[in-house]
S.K.: 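Below: one structure in structure tokens.
Since this is a predicted model, take the numbers as computed values, not measurements.
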Amino acid sequence: MTLSIYTILFWLLLSLLLLEKKHLHNKLLAFTFMTAVFLNTHVFLVIADPLKLLKVTQEPVDYISFVMYRSFITPLLITYVVNMIFNKKRRLVVPLLFSILFFWLLDLFNMKQEIITYEKWTSFYTISYLTTLLLLCCLSVKLFKKKGWVS
């Protein structure tokens, strides 16, 4: 069940990102997605896994769901929100609150389905980490635009 829900969510986020009007250049969106994938995956592998901060399920289907969440859904959501933030008509607060709410709902879903079990970690830490990752991606996009590397 979790794999099918995450597959549908993946396609929904991908179609939203591809079909909605882009306020950033495609290179910046690709850079944001790759940055989010790299940081999200490596922070888990370097910090959370060796320190045993959380326990990931060992069942194959649920583990694939966790990998989809970590490697595709979270970076796509971050990329979509960065695109929303750089829309001239919207303010920073609305997309940021939307993303925090969505991160929290995904985290609750992961815990309810027992994909992730926290040992020395909490949902607050997860939401803080993902919000920091979102803000780092926004700052990197601003840096790229300021330096003139991308139009």
Side-chain angles (χ1 to χ4, degrees), residues 1-24 26-87 89-142:
M1 179 179 125
T2 58
L3 184 61
S4 60
I5 289 173
Y6 277 149
T7 304
I8 291 169
L9 188 60
F10 166 74
W11 283 110
L12 175 71
L13 285 170
L14 186 64
S15 62
L16 277 174
L17 190 63
L18 292 175
L19 298 177
E20 190 174 289
K21 183 180 177 189
K22 294 175 185 66
H23 304 285
L24 296 172
N26 285 337
K27 289 180 185 178
L28 278 175
L29 291 175
F31 171 76
T32 303
F33 178 75
M34 289 188 296
T35 302
V37 167
F38 179 78
L39 290 175
N40 198 27
T41 303
H42 285 76
V43 163
F44 175 76
L45 291 175
V46 171
I47 296 173
D49 196 31
L51 295 177
K52 307 286 187 220
L53 298 177
L54 52 98
K55 183 179 176 186
V56 179
T57 184
Q58 296 300 316
E59 295 202 24
V61 174
D62 288 340
Y63 188 77
I64 292 171
S65 299
F66 169 73
V67 171
M68 279 189 72
Y69 165 74
R70 182 189 68 198
S71 300
F72 294 109
I73 293 172
T74 302
L76 275 174
L77 181 62
I78 288 173
T79 305
Y80 179 71
V81 171
V82 166
N83 189 40
M84 285 175 45
I85 286 173
F86 283 94
N87 183 353
K89 297 175 187 170
R90 295 187 182 137
R91 303 229 182 249
L92 173 71
V93 176
V94 174
L96 194 60
L97 289 176
F98 162 76
S99 65
I100 289 171
L101 175 69
F102 206 73
F103 290 146
W104 181 66
L105 289 173
L106 284 174
D107 196 50
L108 286 177
F109 180 73
N110 283 338
M111 288 188 305
K112 183 165 175 39
Q113 295 298 320
E114 296 179 353
I115 295 173
I116 297 172
T117 307
Y118 293 129
E119 293 178 1
K120 302 174 190 170
W121 196 258
T122 64
S123 290
F124 176 75
Y125 294 153
T126 302
I127 294 169
S128 300
Y129 159 70
L130 291 173
T131 306
T132 304
L133 182 61
L134 173 67
L135 294 175
L136 280 173
C137 287
C138 287
L139 289 174
S140 63
V141 166
K142 278 192 173 197

S.K.: Assess whether side-chain contact (heavy atoms from CB on, under 4.5 Å) is satisfied between I78 and F103, documenting all intermediate values.
M.R.: CA-CA 10 Å; I78 288 173; F103 290 146; 3.9 Å; yes

S.K.: Return the CZ to OG1 distance between F33 and T74, rounded to the nearest 0.5 Å.
M.R.: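 Rounded to the nearest 0.5 Å, the CZ-OG1 separation comes out at 10.0 Å.
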
S.K.: Take N40 and L130 through the test side-chain contact (heavy atoms from CB on, under 4.5 Å) and record every step on the way to the result.
M.R.: CA-CA 8 Å; N40 198 27; L130 291 173; 4.2 Å; yes

S.K.: Could you tell me whether a side-chain N or O of T57 sits under 3.5 Å from a main-chain N or O of I115, the two making a donor and an acceptor?
M.R.: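 No, T57 side chain to I115 backbone: no donor-acceptor pair under 3.5 Å.
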
S.K.: Measure from the side-chain N and O atoms of S4 to the backbone N and O of M1, and report whether any donor-acceptor pair falls under 3.5 Å.
M.R.: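 Checked: pair present.
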
S.K.: Working to the nearest 0.5 Å, report the span between NZ of K55 and CD1 of I116.
M.R.: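 The NZ atom of K55 sits 13.0 Å away from the CD1 atom of I116.
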
S.K.: Ignoring hydrogens and angles, tell me if any N or O in the side chain of S15 forms a donor-acceptor pair with the backbone of L12 under 3.5 Å.
M.R.: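 Present.
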
S.K.: Determine whether R70 and T41 make a side-chain contact, defined as any pair of heavy atoms from C-beta on separated by less than 4.5 Å.
M.R.: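 Yes, side chains in contact.
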
S.K.: How about F66 and F44: are their ring centroids closer than 6.0 Å?
M.R.: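 Ring centres of F44 and F66 closer than 6.0 Å.
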
S.K.: Regarding S123 and W104, do their side chains bring together a donor and an acceptor under 3.5 Å, going by distance alone?
M.R.: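 Distance-only check fails for S123 and W104.
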
S.K.: Is it the case that more than 12 heavy atoms not belonging to K27 sit under 6.0 Å from its NZ atom?
M.R.: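 Open.
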
S.K.: If you round to the nearest 0.5 Å, how far is NZ of K21 from CG of N83?
M.R.: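 Nearest 0.5 Å value for the CG-NZ distance: 10.5 Å.
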
S.K.: Do Q58 side-chain atoms and V56 backbone N/O form a donor-acceptor pair below 3.5 Å?
M.R.: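 Answer holds: yes.
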
S.K.: Within a radius of less than 6.0 Å around CZ of F98, do more than 12 heavy atoms belonging to other residues, nucleotides or ligands occur?
M.R.: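 Buried by this count: over 12 neighbours within 6.0 Å.
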
S.K.: Which pair of heavy atoms, one from C137 and one from T32, lies closest together, and at what distance?
M.R.: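 Nearest pair, atom of C137 first, then T32: CB-CG2, 3.9 Å.
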
S.K.: Do D62 and T2 pair up side chain to side chain, a donor and an acceptor below 3.5 Å, judged on atom types alone?
M.R.: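 Judged by distance alone, the side chains do pair up.
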
S.K.: Decide whether Y6 and N110 meet the rule of one side-chain donor and one side-chain acceptor closer than 3.5 Å.
M.R.: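 N110 and Y6 do have a side-chain donor-acceptor pair below 3.5 Å.
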
S.K.: We want to know whether D107 and Y118 form a side-chain donor-acceptor pair, criterion being a heavy-atom distance below 3.5 angstrom.
M.R.: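 Indeed, the side chains of D107 and Y118 share at least one donor-acceptor pair under 3.5 Å.
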
S.K.: Is it the case that the side chain of S99 and the backbone of L96 share a donor-acceptor pair, with hydrogens and angles ignored and the cut-off at 3.5 Å?
M.R.: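 Answer holds: yes.
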
S.K.: Applying side-chain contact (heavy atoms from CB on, under 4.5 Å), name anything that partners L17, two or more places apart in sequence or on another chain.
M.R.: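 L17 satisfies side-chain contact (heavy atoms from CB on, under 4.5 Å) with L76, T79, Y80 only.
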
